Amino acid sequence: MKITSILIANRGEIAVRINETAKKMGIKTYGIKTSKEPNALYLRLVDDVIDFSESAEEIPEFLDIERIIEAAKTFKIDSIHPGYGFLAENPYFARRCQEEKIIFIGPSDTAIYKMGNKTIAKQIAMKNKIPLLQGSQGNVKNVREAADIAGKIGYPVILKAAAGGGGRGMRIIEKATEVEKMFKMATTEAEKAFNDASVFIEKYVRNPRHIEFQIIADTQGNFVHLGERECSIQRKHQKLIEESPSAALNEALRAEMGEAAVTIAKAVGYYSAGTVEFLLDDDKNYFFMEMNTRIQVEHPVTEMVSGVDLIELQIRIAQGEKLPFRQQDVKLNGWAIECRINAEDVQAGFSPNLGIIEKISFPKGKNIRVDSGVCDYAVVTPYFDSMLAKLIIHAETRDKAIQASIAALKKCLIKGIKTTIPFCLQVMNNKKFRKADFNTSFIEKELDNLYYREPEDEMLAAYVAAFDFAAQLETDRITFVDFERGKNISPWVLNKRLKSL
Amino acid sequence: MKLMPRKKKADSPYFAVTPRGKKYTILDPFSEELKINGHKEEIKIFEDDDGFTYLEYKKKKYLAEIIEKNQNKYTVLLNGVSYSFTIESPISYSRRKFLEKYKEVSKSENITAPMPGKIIELLVEENITVKEGEAILILEAMKMQNEITTHVGGKVKKIHVRPGDTVTKDQVMMEIER
């Protein structure tokens, strides 16, 4: 069935991005208006707005499955694109769409379910002989069991809290003598933090690189990968800069990992766009981590090097079309880098910087792409994530892409809010990053300063402050008017008069 | 592009003092020359049609914005990085120095919420000693858990919040005694 209308169940730059491709394809678009962001950019761009702002429900708007389904039915919209985050990887939502005969632009609910469940996903990978990080099958009961497993898979290993997250209840064990101590620390910490002392063991990869493969597949069983993205520049598991291809891969490894990614996608009968994530160690061993069953934030770098519109393919696949190319037709050209521009104060530990964007302006150019969700006077609210826009640069080589990124970052002008631009500039100017010598610990280990500044910048800022202060004094002086006579009066005279009143 | 109106010569030098006590001496801020800490270079401040303010210095343009101003306390954003200063005239500067010598340094520092959000976890307890830069609690805002660190070291004197509490911006969450 041909899709004629799409309900975009998302906000920000991805809503803008989906809208753009849908319109190009002649599809009518609907956006959801929330009370948290009633003047957002995407609402001005979509063909029609469905207003969720009048009645507030307890469930946040973009997570309210029944309300979204109801809206699609009321407006007779034949498909829903979930974007990323929110309901994008909720198998129940995909199923509800199917039950209501609404096309869900994404994979099947079973594929989402299987890949969303870490245990099932790992079993599938193991069955298909995809390299995995070895570890305990389930929780480890005591010190002796921990030592046994660690001995089998080899040190270093990591103990992780089963209920965990955020680095707590995690302990790296370097050698056998440390097992007892670390096991106790991890379990007490897990108990304290999550009220659940259970921990499991996994092989620990020191300073891995994060490499992921873009998969695209149709409902007729055709699978293609569009090469890899490297997302090793991350802070607390938040990606900040991504690129495609990765300097860590050669053709042979690319083909091998791409094949592994396709194998996993095939094993769950995948269709639509998806991403298979791997860790790559220093010796170029790769390990399957997880599969993301949605379009990803960093998809534009793949689009730039492959020349493919992934959202368009998602829509075409959702309406039953066959993939228009085969693996051997895929040609990857040049190098693309994406810098995320987040409303975050890098000088204050990347804390969200809320407020109003008074002015925003991005550079334009042949190899510059900006996917932005904001415009002048946009309000950065605490309700959603802090990403404002993505700057994507495409060039012939990695060096040229870095150079062009620096030039473009300097032309991103934003007034009223602090962003991650000075951070991105600092990474682009870093020697090791330029030599592609980096991994996921780059920010901790290689960046002694998190933001880019030049030696004279502080002095110039001092000048701006002094200039404004002096101008203020000057204004105060000339506007100090004696109303009796209508002309300037010296403060000394005024003071004398006040005293004699 | 229009130039900002040039005002007539300002009379005395100004000092811009950073929180760490570094002092910049700016002579005559309205002249077309930057006279700062002995440097002398042509400088221009101007605003473009879009409302962005720039400095032009040594043939380079710098995006500048005053993001906070409270009497003589300034925070300036230059190319996206913020710098804080206290601006003083020579007289107020010497007065401040004089007062600082005699003023009893406030012993208790407030830790305020940098943004509205919800307290997820306290990482310290009352009466324990913390170092400058140490994480003291986790505040959730914008779907992210943010570690809030202390800008002073000392003893945790009082904790005003509990996990689950929502806080507004600038609300006092903790007091730390130096």
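Computed from heavy atoms alone, side chains included, the values below leave out hydrogens, waters and symmetry copies. The model shown is predicted, which means the values in this text are computed figures rather than measured ones. Each chain gets a letter, A, B and so on, in the order the sequences are listed, and its residues count up from 1.
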Could you grab the distance from atom [atom1] of [X] to atom [atom2] of [Y], nearest 0.5 Å is fine?
| X | Y | atom1 | atom2 | result |
| --- | --- | --- | --- | --- |
| Phe350(A) | Glu147(B) | CZ | CD | 13.5 Å |
| Gln472(A) | Lys69(B) | CD | NZ | 4.0 Å |
| Leu34(B) | Tyr463(A) | CG | OH | 6.5 Å |

query: Which answer fits Gln426(A), side chain, backbone, both or neither, if we ask what part of it has an atom under 4.5 Å from a heavy atom of chain B?
result: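 It is neither, since no heavy atom gets under 4.5 Å.
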query: So what's closer than 4.5 Å to chain B heavy atoms on Val346(A): side chain, backbone, both or neither?
result: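 Looking at Val346(A), nothing touches chain B.
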Answer whether the closest heavy-atom distance between the side chains of [X] and [Y] falls below 4.5 Å.
| X | Y | result |
| --- | --- | --- |
| Val76(B) | Phe467(A) | no |
| Ser351(A) | Leu139(B) | no |
| Phe52(B) | Ser361(A) | yes |

Inspect the surroundings of [atom1] in [X] and state if more than 12 heavy atoms from other residues, nucleotides or ligands are less than 6.0 Å away.
| X | atom1 | answer |
| --- | --- | --- |
| Glu134(B) | CD | yes |
| Lys35(B) | NZ | yes |
| Lys364(A) | NZ | no |
| Glu42(B) | CD | no |

message: Using only non-hydrogen atoms and a strict under-4.5 angstrom cutoff, which residues of residues 448-460 of chain A touch chain B?
response: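 When heavy atoms of chain B are the reference, residues 448-460 of chain A contributes Tyr451(A), Tyr452(A), Arg453(A), Glu454(A), Glu456(A), Asp457(A), Glu458(A), Met459(A), Leu460(A) within the under-4.5 Å range.
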Between [X] and [Y], what is the shortest heavy-atom contact and its length?
| X | Y | result |
| --- | --- | --- |
| Pro352(A) | Ala141(B) | CG-O, 4.3 Å |
| Pro116(B) | Leu354(A) | CD-CD1, 3.8 Å |
| Ala466(A) | Ile26(B) | CB-CD1, 3.5 Å |

Name the atoms and distances for all side-chain donor-acceptor pairs under 3.5 Å in residues 407-424 of chain A, with sequence neighbours left out.
{"from": "Lys415(A)", "atom 1": "NZ", "to": "Gly51(B)", "atom 2": "O", "distance (Å)": "2.8"}
{"from": "Lys418(A)", "atom 1": "NZ", "to": "Asp345(A)", "atom 2": "OD1", "distance (Å)": "2.9"}
{"from": "Lys418(A)", "atom 1": "NZ", "to": "Asp345(A)", "atom 2": "OD2", "distance (Å)": "3.4"}
{"from": "Lys418(A)", "atom 1": "NZ", "to": "Gln347(A)", "atom 2": "OE1", "distance (Å)": "2.6"}
{"from": "Lys418(A)", "atom 1": "NZ", "to": "Ser82(B)", "atom 2": "OG", "distance (Å)": "2.6"}
{"from": "Thr419(A)", "atom 1": "OG1", "to": "Ile421(A)", "atom 2": "N", "distance (Å)": "3.2"}
{"from": "Thr420(A)", "atom 1": "OG1", "to": "Arg340(A)", "atom 2": "O", "distance (Å)": "2.8"}
{"from": "Thr420(A)", "atom 1": "OG1", "to": "Asn342(A)", "atom 2": "N", "distance (Å)": "2.8"}

Identify which part of [X] has an atom lying under 4.5 Å from any heavy atom of chain A, answering side chain, backbone, both or neither.
| X | value |
| --- | --- |
| Lys23(B) | neither |
| Lys169(B) | neither |
| Glu88(B) | neither |

field: Tyr14(B) side chain vs Ala465(A) backbone, donor-acceptor pair below 3.5 Å
entry: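 Between the backbone of Ala465(A) and the side chain of Tyr14(B) there is no qualifying donor-acceptor contact (under 3.5 Å).
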- prompt: Thinking salt bridges, do Lys359(A) and Asp50(B) make one under a 4.0 Å N-O criterion?
  reply: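 Between Asp50(B) and Lys359(A) there is no salt bridge, as every charged N stays at least 4.0 Å from the carboxylate O atoms.
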